[in-house]
Amino acid sequence: MANSSPEFDLIARYFTRPAANAVLGVGDDCALVDVSNGMDLAVSTDTMVSGTHFFPDVNPENLGHKALAVNLSDIAAMGAMPYWAMLALTVPNVNHDWLAAFAKGFFDLAQEYNVSLIGGDTTRGPLTLTVTIMGEVPAGAALRRGGAKVGNDVWVSGNVGDAALAVAHRYGKIVLDAADYHEAVMRLYEPTPRVSLGQALRGLATAAIDISDGLLADLTHICRLSGVGATVDLASVPVSAIGAKHINTDEGRNAILAGGDDYELCFTAHPNSRDSIEDLTDILGIPITRIGQIKRGKGVSLLHDGKAVKIDGSGYDHFKGA
Ligand code: ADP
Ligand code: MG
């Protein structure tokens, strides 16, 4: 075949950009990267399926942003520095306006973090996006899920719930007014990965995770891997002004605590680190709130005025009931 085909043209047109940090980017059988001495390579993949991870009517520019943002968030949660991304794109047809907008959302965010798209794959089928991200972290310094210790504090960055409140609104479980929906849905479509915070937490956090499944579910993952339990004080969970209007309803509270897609970081740290962590709020301009404690035992209990409260839903599980 000549070196021109619709697939080749599409890759050349939308997904080939100079790969500043790579030895070799898009175009060959493999990309080549040079990993620095003394660093571990941090690698993660996330897939987004139309109808499962996003509403089919989502604006493609938002989707391009989100496909990369959720991966940057995994790099953030390890305390790593992102450098390289791969994009496996499955589209039902070639829609140039769609591809141009998707590529814009993707590359605008990539540029912000100095990430190079170094390869991928392009196929036809139901709309599905898989991004693989790679970065570096000093050997041995990555923030793992398994390091929480009894007596540690539990912290969360930013505020949680807006993304899930927008989803709950779309499903008719709660009602947001138009302005609130518009603001909340942007948290869903264009999450901010906490990359600088993740790196700043190296040496401070004993365990970390990014909140994709829901605050309680993701903290439960830390607990399971660390062999500990945790308590979370409902009143200290940080919410936006929108969240504050809904946290006293059952559906609103469920969305805030058990709904995902915020991409904030939840982490644990020794109480001696409180001042250093609070300083990060000023240095990075990101609110960081202490919400609970690591305890002996298993699982996460939610406390309201010191009493345990039950919450349904324990986060999103793709295979629940399968
Ligand atoms: P192969 O047949 O060897 O898998 P492809 O024709 O699939 O090669 O891809 C050609 C080049 O384009 C490769 O370097 C691949 O990494 C890159 N590529 C393909 N699709 C994408 C995409 N959506 N985004 C970025 N790079 C891509
Ligand atoms: Mg291929």
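All figures in this text were calculated on a predicted structure; none of them were measured in a lab. All residue numbers refer to positions in the sequence shown, counting from 1.
- Minimum interatomic distance between Ala184 and Asp162 (heavy atoms only, all atoms of both residues): CB-O, 3.5 Å.
- The aromatic rings of Trp155 and Phe267 sit parallel, their planes meeting at an angle under 30°, below the 60° perpendicular limit.
- The structure places CD1 of Ile75 at 7.0 Å from OG of Ser44, a figure rounded to the nearest 0.5 Å.
- The minimum heavy-atom distance between Ala269 and Thr206, with the atom names listed, is N-OG1, 3.7 Å.
- With values rounded to the nearest 0.5 angstrom, Asp180 atom CG is found 6.0 Å from His246 atom NE2.
- With hydrogens and angles ignored, the 3.5 Å screen pairs a side-chain donor or acceptor of Asp218 with a backbone N or O of Ser212.
- Closest approach of Glu190 and Glu61 over heavy atoms only: OE2-O, 4.3 Å.
- Ser116 places a side-chain N or O within 3.5 Å of a backbone atom of Ala20 that can act as its donor or acceptor partner.
- Atom CG in Asp250 sits 12.5 Å away from atom CD1 in Ile174 (nearest 0.5 Å).
- The shortest side-chain heavy-atom distance between Leu63 and Trp98 falls under the 4.5 Å cut-off.
- Minimum interatomic distance between Val26 and Phe15 (heavy atoms only, all atoms of both residues): CG2-O, 3.7 Å.
- The side-chain heavy atoms of Val94 and Pro6, taken from C-beta on, include no pair separated by under 4.5 Å.
- Grouping the Ile, Leu, Val, Met, Phe, Trp and Tyr side chains by contacts below 4.5 angstrom, directly or via other members, places Phe54 with Val91.
- Between the His53 side chain and the Val49 main chain, a donor and an acceptor come within less than 3.5 Å of each other.
- Clustering ILVMFWY residues whenever any of their side-chain heavy atoms sit less than 4.5 angstrom apart, transitively, puts Met81 in a cluster other than the one holding Leu109.
- Of the N and O atoms on the side chains of Glu264 and Ser157, at least one donor lies less than 3.5 Å from an acceptor on the other residue.
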Practice task
Could you walk me through whether Thr90 and Thr123 pass the side chain to side chain donor-acceptor pair (under 3.5 Å) test, one step at a time?
Solution key: CA-CA 5 Å; Thr90 302; Thr123 50; 2.8 Å; yes
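- Residues Glu136 and Val35 meet the side-chain proximity criterion, which asks for heavy atoms closer than 4.5 Å.
- With His65 contributing its side chain and Pro191 its backbone, the two residues share a donor-acceptor pair below 3.5 Å.
- Between Val43 and Thr132, some side-chain heavy-atom pair lies under the 4.5 Å cut-off.
- Distance NE2/His221 to CZ/Arg145: 6.0 Å, rounded to 0.5 Å.
- When all heavy atoms of Ala19 and Leu117 are compared, the pair lying nearest together is CB-O, 4.4 Å.
- The number of heavy-atom neighbours closer than 6.0 Å to CG of Asn37, taken from other residues, nucleotides and ligands shown, is 12 or below.
- Scanning both residues, Ala76 and Arg194, for their nearest heavy atoms gives CB-O, 3.3 Å.
- Proximity of a side-chain donor or acceptor of Ser273 to a complementary backbone N or O of Ser276 within less than 3.5 Å is not detected.
- More than 12 heavy atoms of other shown residues, nucleotides or ligands fall within 6.0 angstrom of atom CD in Glu112.
- With His304 contributing its side chain and Val309 its backbone, the two residues share no donor-acceptor pair below 3.5 Å.
- Put simply, the side chain of Asp40 gets close to the backbone of Gly140: a donor and an acceptor are under 3.5 Å apart.
- When hydrophobic clusters are built by joining Ile, Leu, Val, Met, Phe, Trp and Tyr residues whose side-chain heavy atoms come closer than 4.5 Å, directly or via intermediates, Leu204 is not grouped with Val154.
- Inter-residue side-chain proximity for Phe102 and Asn95 is flagged as unmet; no heavy-atom pair is nearer than 4.5 Å.
- With sequence neighbours left out, Pro271 forms a side chain to side chain contact (heavy atoms under 4.5 Å, CB included) with Asp153, Arg274.
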Practice task
Evaluate the side-chain contact (heavy atoms from CB on, under 4.5 Å) criterion for residues Asn62 and Leu188: first the C-alpha distance (whole Å), next the side-chain angles of each, then the deciding distance (0.1 Å), finally the verdict.
Solution key: CA-CA 9 Å; Asn62 293 152; Leu188 178 69; over 6 Å; no
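- Counting only heavy atoms from C-beta outward, the side chains of Leu280 and Leu201 approach each other to under 4.5 Å.
- Of the possible donor and acceptor atoms, none in the side chain of Ser73 sits under 3.5 Å from a partner among the backbone N and O of Ala69.
- Side-chain heavy atoms closer than 4.5 Å link hydrophobic residues (I, L, V, M, F, W, Y) into clusters, and following such links, even through other members, never connects Val232 to Leu225.
- Considering only heavy atoms from C-beta on, Tyr14 stays 4.5 Å or farther from Leu89 through its side chain.
- Listed for the Glu251 side chain is no donor-acceptor partner under 3.5 Å among the backbone atoms of Ala168.
- In the hydrophobic cluster analysis, where Ile, Leu, Val, Met, Phe, Trp and Tyr join through side-chain heavy atoms closer than 4.5 angstrom, Ile277 is grouped apart from Leu219.
- Of the possible donor and acceptor atoms, none in the side chain of Thr289 sits under 3.5 Å from a partner among the backbone N and O of Ile291.
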Exercise for the section: With side-chain contact (heavy atoms from CB on, under 4.5 Å) as the test, would you mind laying out the steps for Arg253 and Leu234 before giving the verdict? Expected result: CA-CA 9 Å; Arg253 195 164 47 241; Leu234 178 59; 3.8 Å; yes
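- In this structure, Ile288 CD1 and Leu265 CG are separated by 9.0 Å, a value rounded to the nearest 0.5 Å.
- Partner of Lys66 under the side chain to side chain donor-acceptor pair (under 3.5 Å) criterion, chosen from Asp46, Asp261, Asn71: Asp261.
- Note: Arg224 CZ to Lys298 NZ = 10.5 Å, rounded to the nearest 0.5 Å.
- Pro287 is not listed as a side-chain neighbour of Asn159, based on a closest heavy-atom distance of 4.5 Å or more.
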